[in-house]
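A short worksheet on the structure shown next.
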Amino acid sequence: MDARAIAMGLAFALMWSSAFTSARIIVQDASPLFSLAVRFLISGLIGVAIARAMGQTWRLTPGQWRATVIFGICQNALYLGLNFVAMQWIEASLAAIIASTMPLLVALAGWALFGERLRPLGYAGLAAGVLGVALIMGTRLGAGVDLFGVFLCVIGVLALTTATLALRGATSGGNFMMVVGLQMLIGSAILFIAAPLTEEIFVRPTLRLALAFTYTTVVPGLMATLIWVMLLNRIGAVRAATFHFLNPVFGVAVAGVLLGEKLGPLDVLGVAIVTGGILAVQLARKPAQPPAALSRTAKPG
């Protein structure tokens with residue numbers, strides 16, 4: 001993993017993790033699914049406009065369209081929709097922690113479905129990350145967390161895993177910003193249908209709502225998603241997904257600073273273990289090429 005990929009991953013993780021805090025603020029003053037649908041509509045239209053200005057086209061390959069639709073449904077409508085609903089009852093930091101279990105699910109799916117491999121250090125890093133997440137989760141569950149909110153977040157992270165694997169086919173044909181914009185519009189359409197069927201729509205205009213909504217729309221919405229698509233294209237789904245293990249680090253920290261959510265000793269220990277896990281995964285390179293391949297690449301000219 002090169003320095004640029006690491007920088008992209010860190011930037012993505014910080015932006016993505018901060019969205020849990022801004023979402024927690026939004027759902028205090030607006031119904032979750034409706035506010036998310038509006039956010040995706042705005043972000044999607046902006047994304048498509050930027051893509052057109054960059055000369056990109058919505059004439060995607062069949063594989064890109066398929067992956068973009070799946071991504072729009074699984075990440076935007078299901079993962080984020082369920083998280084927005086859940087954060088009416090659970091803390092932003094806990095939602096971020098649950099989301100960070102996604103890399104293990106992606107690695108397992110990559111192994112079972114696509115024959116992908118990590119070196120032993122990478123698997124050790126994934127195990128350490130899961131251990132750290134479990135430690136943090138244990139302290140929150142012991143404090144009497146809302147189990148229905150946790151259940152929604154778990155279903156959401158399974159949907160996010162599906163979205164991450166599906167986007168493998170959407171990155172091979174370019175048009176990254178167009179893919180970002182279109183998958184947001186797909187998510188928006190689904191949520192506009194789901195919102196009136198599942199919730200009482202309300203909006204209480206406040207300054208905190210305006211600031212949180214604007215931030216969520218631009219930074220986690222457009223910028224983080226674009227970086228994520230580019231990162232998947234650069235290093236693949238399994239390695240890119242390991243950056244989600246930084247969600248507890250940034251998610252707990254941002255929620256603590258902006259929302260006053262407490263960080264106990266076991267949380268600190270869990271975050272330290274997770275940090276070691278992500279470092280181990282980053283240091284784990286792809287398996288060396290077979291000798292025949294090495295001899296071919298070593299030939300001059």
Side-chain angles (χ1 to χ4, degrees), residues 1-23 39-40 43-44 46-47 50-51 67-68 71-72 74-76 79-80 83 92-93 95-107 110 122 125-126 129 132-133 156-157 159-168 170-171 175-181 183-184 187 215-255 258 271 274-275 277-284:
M1 191 179 299
D2 56 37
R4 183 176 179 182
I6 293 174
M8 290 170 63
L10 291 174
F12 162 76
L14 179 58
M15 294 178 186
W16 187 267
S17 299
S18 68
F20 295 97
T21 294
S22 58
R39 169 199 150 179
F40 283 142
S43 295
I46 293 174
I50 293 174
T68 301
F71 194 75
C74 291
Q75 173 173 292
N76 296 335
Y79 166 69
L80 289 174
N83 271 270
S93 54
I97 291 165
I98 295 173
S100 69
T101 62
M102 188 269 282
L104 178 62
L105 300 176
V106 170
L126 289 174
V133 169
V157 78
L160 178 61
T161 301
T162 302
T164 300
L165 293 170
L167 201 58
R168 294 155 59 99
T171 61
N175 294 314
F176 292 149
M177 180 57 78
M178 183 61 72
V179 168
V180 169
Q183 53 93 359
M184 287 183 176
Y215 174 84
T216 302
T217 301
V218 175
V219 179
L222 277 173
M223 295 175 61
T225 306
L226 177 60
I227 291 175
W228 179 240
V229 174
M230 296 172 65
L231 188 64
L232 285 173
N233 184 62
R234 190 176 186 87
I235 63 176
V238 172
R239 287 191 176 180
T242 59
F243 283 101
H244 279 275
F245 271 139
L246 286 173
N247 280 349
V249 181
F250 295 140
V252 170
V254 173
L258 297 182
V271 167
V274 168
T275 302
I278 186 63
L279 177 62
V281 172
Q282 288 175 339
L283 294 176

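The residues of the chain are indexed from 1 along the displayed sequence. This is a predicted model, so every value here is computed, not measured. Quick note: numbers below take in every heavy atom, side chains included, and nothing from hydrogens, waters or symmetry partners.
Note that CG of Leu80 is 5.5 Å distant from CD of Gln75, once rounded to the nearest 0.5 Å. Asn76 CG to Arg39 CZ: the interatomic distance, rounded to the nearest 0.5 Å, is 7.5 Å. The structure places CZ of Phe71 at 8.0 Å from CH2 of Trp228, a figure rounded to the nearest 0.5 Å. To the nearest 0.5 Å, the span separating CG on Leu231 from CG on Leu10 amounts to 10.0 Å. In this structure, CG in Leu160 is found 12.5 Å from CD1 in Ile98, a value given to the nearest 0.5 Å. The CD1 atom of Ile227 lies 9.0 Å from the CZ atom of Phe12; values are rounded to the nearest 0.5 Å.
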Might you work through the side chain to side chain donor-acceptor pair (under 3.5 Å) test for Ser18 and Tyr215, ending with a clear yes or no?
-> CA-CA 10 Å; Ser18 68; Tyr215 174 84; 2.6 Å; yes

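Taking both residues in full, the closest heavy atoms of Pro220 and Met15 are given as CG-O, 3.6 Å, listed atom of the first, atom of the second, then distance. Between Ala99 and Tyr79, the shortest heavy-atom contact is CB-OH, 3.3 Å. The minimum heavy-atom distance linking Ile235 with Phe243 is given by the pair CD1-CE1, 4.2 Å.
Contact of the Thr217 side chain with the Leu222 side chain is not registered, since no non-hydrogen atoms from C-beta on lie closer than 4.5 Å.
Among residues two or more places apart in sequence or in another chain, the side chain to side chain donor-acceptor pair (under 3.5 Å) test is passed with Ser43 by none. Partners of Ala92 under the side-chain contact (heavy atoms from CB on, under 4.5 Å) rule, at least two apart in sequence or in another chain, are Phe20, Thr21, Arg24, Met87, Ala255, Leu259, Glu261. The side chain to side chain donor-acceptor pair (under 3.5 Å) check on Ser22 picks up Thr216, with sequence neighbours excluded.
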